[in-house]
Amino acid sequence: MKLNKIRENIYKISRDDYPEMNVPAFLYASDMMIEDIQNDQSLTQLKNAAMLPGIANGVYAMPDIHYGYGLPIGGVLPVFADKGVITPGGVGFDINCGVRLITFDINKSELKNPESLVKHLYKKIPCGVGEGGNIKLSNKEMKKLLQEGSKWAVNSGYGNESDLYNTESFGCLSEADPSQVSKRAMERGSDQCGTLGSGNHFLEIGSVDKIFDKKTANFWGLEEGKLTLMIHSGSRGLGHQICTDFLKVFERTLEKYKISVPDKQLSCAPVDSDESRKYFSAMACAANFAWANRQILMNLAVSAVADYFKVKAENLNYRLIYDVAHNIVKKEFFDLKSKNCEIYVHRKGATRALPPGHKDLPEHLKKSGQPVIIPGDMGRYSYILSGVKNAPELSFNSACHGAGRVLSRKKAVKTAGDRNIAIELKDKNIYVMSRGKKTLKEEMPDAYKDVANVVDVVHNLKIAEKTARIKPICVIKG
DNA sequence: ATGTAC
């Protein structure tokens, strides 16, 4: 792909070089990352996305870009409500995959036996491919959950109402319509609320290891040396099934709306079409399911931590810093050429990052900007950043979402050979337990880029600025 | 990511 470097950390794929594009594509990455990025087909996917109709300004790729279904992971696709298209490939299979971060008023030094804590967590958190949990929902109750998201979880006894104010969109997309969710999707989801999943999903106890921005950290209640809980999970089989169901629908709509796409995986329909409305309503259900899921997982993990410290869960002082999605399409408003425009922003492996003062932030976060949670790998660290001033213009309020792989899962397993990743991590005082036999090899630290380099790109561009770094202590995986 | 194929 022909890339033009327009300034430090910004590369452009230009319409002068590829006239088939309707808008330019922008890649945010450092010089040293370019070679790896050029090695897969992700930039071709980005260029293909720029050929869709009705895009606002451009398409964008974050430094953790890699190959995905349709739009690359790490891609942002903003479209005008009145002339753009919705594409399920712009969201991906794991609808509202996202991350949540919690802090405890407990010092790292008080955690004397992390090996025991990881066992407590592993026992309490259902995880693994296809695994169900302890909550079985009737059809009626499922419908309620899909409409209400996090609020359903709070009303069902999982957490506090204040948690909603520390969740993106208050943990609910109001467009959710359960009648657009297939029976099969409902069935797959009905016993999976409160389950972690597998692959790169994880639940981790860590500690704040470094503060970059003291003011923002203080404001949010992040203190060096305190224990944290991070949860990375999504909408499980429900979201997967919804995506599968609608991909079939959208492949058939191309002819109907006379849209030509360079890649069937970018099948789409006008925003204002029956198909897009139905997809959006079903996608919103999956998003709400994922928020309820993480809300419940948080409560299960908090009770495991309480068990370990031999205190009652209600006496354990914890605080939800934020919960943010990184696979979603949302209706948002942006000032473009001094006109307020309704935009549907597809974020796929991209985290929303609202700058200070944004109207969608709750009052208590207006001053700091939105917390942007960026998980790394299980052997190094994760970051929390705050949305800053260049986010609207550079990326429609979006930042990176993680480290990004350097080795495919298959390659990682092969490279790991007969290494014992759990023992290697234990030597670094990180205690991991995993249900899947291959998971730890697939997810070993060497399979990922150093997230510090990824985060530095968005930090230097002033899309989101570094607030704190978190180091893992106990990790459970599916 | 995912009852890793309907």
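As the structure is a computational prediction, the values presented were derived from the model and not from experiment. Just so it is clear: chains get the letters A, B, ... in the order the sequence lines come, proteins before strands, and each one is counted from 1.
Distance Arg409(A) CZ to dT4(B) P: 13 Å, rounded to the nearest Å. Distance NE2 (His240(A)) to C1' (dC6(B)): 14 Å, rounded to an integer number of Å. Across the protein-nucleic acid pair, Glu442(A) atom CD and dT4(B) atom P stand 14 Å apart, rounded to whole Å. Taking atom CD of residue Glu187(A) and atom C1' of nucleotide dC6(B), one finds them 15 Å apart after rounding to whole Å. When the P atom of dT2(B) is taken as reference, atom CZ of Phe93(A) falls 12 Å away, rounded to whole Å. Separating the CZ atom of Arg184(A) from the C1' atom of dA5(B) is a distance of 11 Å, rounded to the nearest angstrom. As a whole-Å value, the separation of Asp191(A) CG from dT2(B) P is 13 Å. Rounded to whole Å, atom P of dT2(B) lies 15 Å from atom NZ of Lys438(A).
Mapped onto DNA chain B by nearest heavy atom, His201(A) and Lys248(A) fall at different nucleotides, with His201(A) at the one closer to the 5' end. Between His232(A) and Val129(A), the residue anchored nearer the 5' end of DNA chain B, judged by the nucleotide with its closest heavy atom, is His232(A).
Leu297(A) has its side chain within reach of Ser233(A): a pair of non-hydrogen atoms, C-beta onward, lies under 4.5 Å apart.
Close to dT2(B), at under 4.0 Å from its OP1 or OP2, lies a side-chain N or O of Ser198(A).
For the residue pair Glu332(A) / Asn397(A), no side-chain donor-acceptor distance below 3.5 Å is found, with atom types taken as modelled.
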Please table the atom pairs, donor to acceptor, closer than 3.5 Å between any side-chain atom in residues 62-80 of chain A and protein atoms at least two apart or in another chain.
{"unit_1": "Asp64(A)", "atom_1": "OD2", "unit_2": "His401(A)", "atom_2": "N", "d": "2.9"}
{"unit_1": "Asp64(A)", "atom_1": "OD2", "unit_2": "His401(A)", "atom_2": "ND1", "d": "2.5"}
{"unit_1": "Asp64(A)", "atom_1": "OD2", "unit_2": "Gly402(A)", "atom_2": "N", "d": "3.0"}

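Across all strands, Gly234(A) comes closer than 4.0 Å to no nucleic acid atom at all (heavy-atom distances).
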Start with the C-alpha gap between Gln241(A) and Ser182(A), add the side-chain angles, then the distance that decides, and say whether side-chain contact (heavy atoms from CB on, under 4.5 Å) holds.
CA-CA 8 Å; Gln241(A) 189 63 47; Ser182(A) 69; 4.1 Å; yes
